[in-house]
Amino acid sequence: MQPTSHLGNVASHDSDAYLTGIAAEQIAVPRDAPANSFVLHAPLELLARTALLPYVDATFREQARERITEVVRTFTSFEPAAYPARRRTFDRVDEAVGHLSDAMDANDLDAADEAADWLGTHLTPVELSTALADLIIGSLAAAAHAPIFLWLAPRVSPRWNLTGRLLRPLVRELTRNSSMKLHWVDQRHTTPAAAREATGADMTAALASTPKLGEGPNNFIFPTMSRVDTAALAPALLGPVCGPGEITARGRAVMRAAAWSMLSEPTTHAPYGWSHALTMSQAAIGIGGSCVDPTRALATAATYVFGFRASLATEPLVEGFEPHRFDGSLSEAFAAGSDAAAAAAWHFPGERRAELVTYLANRAAIHPDAHQVKYTLACLDAMGDDPHAARLYVAAAARLVGYWASFPVPDEH
């Protein structure tokens with residue numbers, strides 16, 4: 001039977017919360033078949049598009065809202081849908097988490113769905129992150145995207161305006177491939193301790209030392225990260241800078257390295273490589289405070305940037321960008337392509353940056369690509385966390401938006 005979307009005419013409803021709430025109820029039902037890229041990203045895309053809505057101006061708001069309804073229409077076209085989770089009751093959160101952990105180890109999709117359903121119903125987003133951060137950090141299943149869910153959910157829906165059961169589709173994929181994980185982040189006791197507490201500059205230097213391995217057989221997340229999860233690579237080069245100590249400066253260095261990579265590298269891997277380098281590392285660092293050992297999350301985040309640079313980078317990691325000024329309007333710059341867009345954003349007057357942010361949000365929110373939406377939001381959030389690097393992040397976001405501007409948006413109707 002063809003699944004039915006119950007969106008009706010909610011796109012015309014005045015309330016963004018109503019629209020996204022109904023959308024979340026639809027996307028919270030997992031599909032039985034192994035997730036393709038769209039199905040995997042759908043819960044994250046909904047969260048990111050919801051978070052971008054406040055940045056979008058009135059001219060583009062209805063188009064942005066229609067993109068949300070399109071995500072639901074496409075998601076519900078995949079069949080068959082999984083049966084609803086058995087409504088099992090747990091007495092304590094740790095009991096439900098233990099049940100989920102056992103189910104993941106056994107690749108028991110239905111048992112994992114039971115726990116995800118209960119946890120998503122009974123916990124707030126912050127509580128959910130606290131309960132699950134240690135379980136999922138370092139997992140490469142679900143394309144290592146589960147931390148993005150735990151990071152964005154409190155950011156978007158602090159009181160669960162969107163159902164917490166959005167967790168279910170991601171948990172299903174985590175369980176399906178639970179053996180996919182980073183190993184060195186759990187074996188760091190075998191790595192020689194740093195002679196001194198590492199700094200942000202030390203982290204930057206370590207990431208700059210990433211060897212260029214060249215592209216592997218494919219650029220999927222698991223094989224890309226597994227290539228560097230060996231004694232001579234990530235443990236040897238990142239271990240000394242991922243030890244105990246203050247996290248903030250090192251975390252910012254990781255995210256800046258991801259953004260510099262977007263700016264300095266050819267655009268060949270901009271949409272799915274360099275965009276992931278930031279969104280994945282930001283989420284891992286973001287939920288690190290919920291981990292028993294936050295440096296485990298830092299090591300995971302650093303490995304993501306390290307792994308992408310090992311396979312995809314062709315240029316040195318340099319913290320510098322001096323493009324020629326673009327003499328024209330924002331729309332002309334973005335029409336001219338990724339380099340012109342990045343240059344225009346880099347030189348855009350700081351006192352008018354809110355105008356640029358709105359422009360970037362408008363372009364991302366009405367575009368069909370989920371990675372562009374996630375990346376634009378990640379850059380805006382990184383600006384708030386690291387204001388001294390604001391120009392870096394708006395330029396990086398502009399480069400990806402400019403890249404996608406070179407491709408016509410397909411007519412979906």
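Note that the numbering runs from 1 along the sequence shown for the chain.
Pairs engaging residues 340-351 under the side chain to side chain donor-acceptor pair (under 3.5 Å) rule: none recorded [sequence neighbours left out].
Between Trp184 and Thr303, some side-chain heavy-atom pair lies under the 4.5 Å cut-off.
Under 3.5 Å, the side chains of Thr204 and Arg256 contain no donor-acceptor pair of N or O atoms. Checking Thr69 against Arg73 by side-chain atom types alone, a donor-acceptor pair falls below 3.5 Å. Judged by distance alone, the side chains of Thr314 and Glu265 do bring a donor and an acceptor atom under 3.5 Å apart. For the 3.5 Å distance criterion, the side chains of His371 and Glu45 fail to qualify, holding no donor opposite an acceptor. In this model, no donor atom of one side chain and acceptor atom of the other lie less than 3.5 Å apart for Ser226 and Asp229. For the residue pair Thr175 and Glu173, no side-chain donor N or O sits within less than 3.5 Å of a side-chain acceptor on the partner. Side-chain N/O atoms of Ser129 and Trp151 include no donor and acceptor closer than 3.5 Å. For Arg399 and Thr267, the side-chain atoms include no donor-acceptor pair closer than 3.5 Å.
Phe38 CZ: more than 12 foreign heavy atoms inside a 6.0 Å radius. Residue-environment remark: CG (Asn36) exceeds the threshold of 12 foreign heavy atoms within 6.0 Å.
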Which pairs of donor and acceptor atoms, one on a side chain in residues 130-145, lie under 3.5 Å apart (sequence neighbours left out)?
residue	atom	partner	partner atom	Å
Thr130	OG1	Val126	O	3.1
Asp134	OD1	Val292	N	3.4
Asp134	OD1	Arg296	NH1	3.4
Asp134	OD2	Val292	N	2.9
Ser139	OG	Ala141	N	3.2
His145	ND1	Ala143	O	2.6
His145	NE2	His41	NE2	3.1
His145	NE2	His276	NE2	3.2
His145	NE2	Lys374	NZ	3.2

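Going from atom OG1 of Thr248 over to atom CZ of Arg252 covers 6.0 Å, rounded to the nearest 0.5 Å. Taking CH2 of Trp274 as the start and OG1 of Thr268 as the end, the distance is 10.5 Å to the nearest 0.5 Å. Separation of atoms CG (Leu360) and CG (Leu330) is listed at 8.0 Å; rounding is to 0.5 Å. Distance check, rounded to the nearest 0.5 Å: OH of Tyr393 to CG of Asp381 gives 11.0 Å. Between the CG atom in Asp385 and the CG atom in Leu380 there is a gap of 13.0 Å [rounded to 0.5 Å]. Once rounded to the nearest 0.5 Å, the distance linking CZ of Phe220 with OG1 of Thr224 reads 9.0 Å.
Electrostatic pairing of Arg67 and Glu70 does not count as a salt bridge here, judged by no charged N lying under 4.0 Å from a carboxylate O. Checked for salt-bridge contact, Asp202 and Arg250 miss the test: no charged N lies under 4.0 Å from a carboxylate O.
What you find for Leu44 and Leu152 is that their closest heavy atoms are O-CD1, 4.1 Å. Considering all non-hydrogen atoms of both residues, Arg309 and Ser261 come closest at NH1-OG, 2.8 Å. When all heavy atoms of Asn107 and Asn177 are compared, the pair lying nearest together is ND2-N, 4.4 Å. Contact between Thr295 and Pro244 at its shortest, heavy atoms only, is CG2-CA, 4.0 Å. Of all heavy-atom pairs spanning Ala333 and Ala340, the tightest one is O-CB, 3.4 Å. Of all the heavy atoms in Asp117 and Thr121, the pair that sits closest is O-OG1, 2.7 Å.
In summary, of the residues considered (Phe60, Phe334, Tyr55), a ring pair (Phe, Tyr, Trp, His ring centres under 6.0 Å) with Tyr359 occurs for Phe334 alone. Residue Ser311 forms a side-chain hydrogen bond (donor to acceptor under 3.5 Å, both in side chains) with just one option from Glu215, Lys212, Arg227, and that option is Arg227. A side-chain contact (heavy atoms from CB on, under 4.5 Å) with Ser275 is found for one member of Tyr375, Tyr403, Phe308 and no other, namely Tyr375.
Between the side chain of Ser178 and the backbone N or O of Met104, at least one donor-acceptor pair lies under 3.5 Å. When atom types are taken as modelled, the side chain of Thr163 and the backbone of Leu166 share no donor-acceptor pair closer than 3.5 angstrom. Put simply, the side chain of Arg31 gets close to the backbone of Phe78: a donor and an acceptor are under 3.5 Å apart. With Asp57 contributing its side chain and Asn362 its backbone, the two residues share no donor-acceptor pair below 3.5 Å. When atom types are taken as modelled, the side chain of Glu25 and the backbone of Ile27 share no donor-acceptor pair closer than 3.5 angstrom. Looking only at distances, a side-chain donor or acceptor of Arg49 sits under 3.5 Å from a matching main-chain atom of Ala365.
The aromatic ring centres of Trp404 and His367 sit less than 6.0 Å apart.
Taking the six-membered ring where the residue is Trp, Trp118 and His122 present parallel rings, their angle staying beneath 30° rather than reaching 60°.
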Check against salt bridge (Lys or Arg N to Asp or Glu O under 4.0 Å), Asp32 and Arg172
CA-CA 9 Å; Asp32 272 336; Arg172 197 169 186 85; 3.0 Å; yes

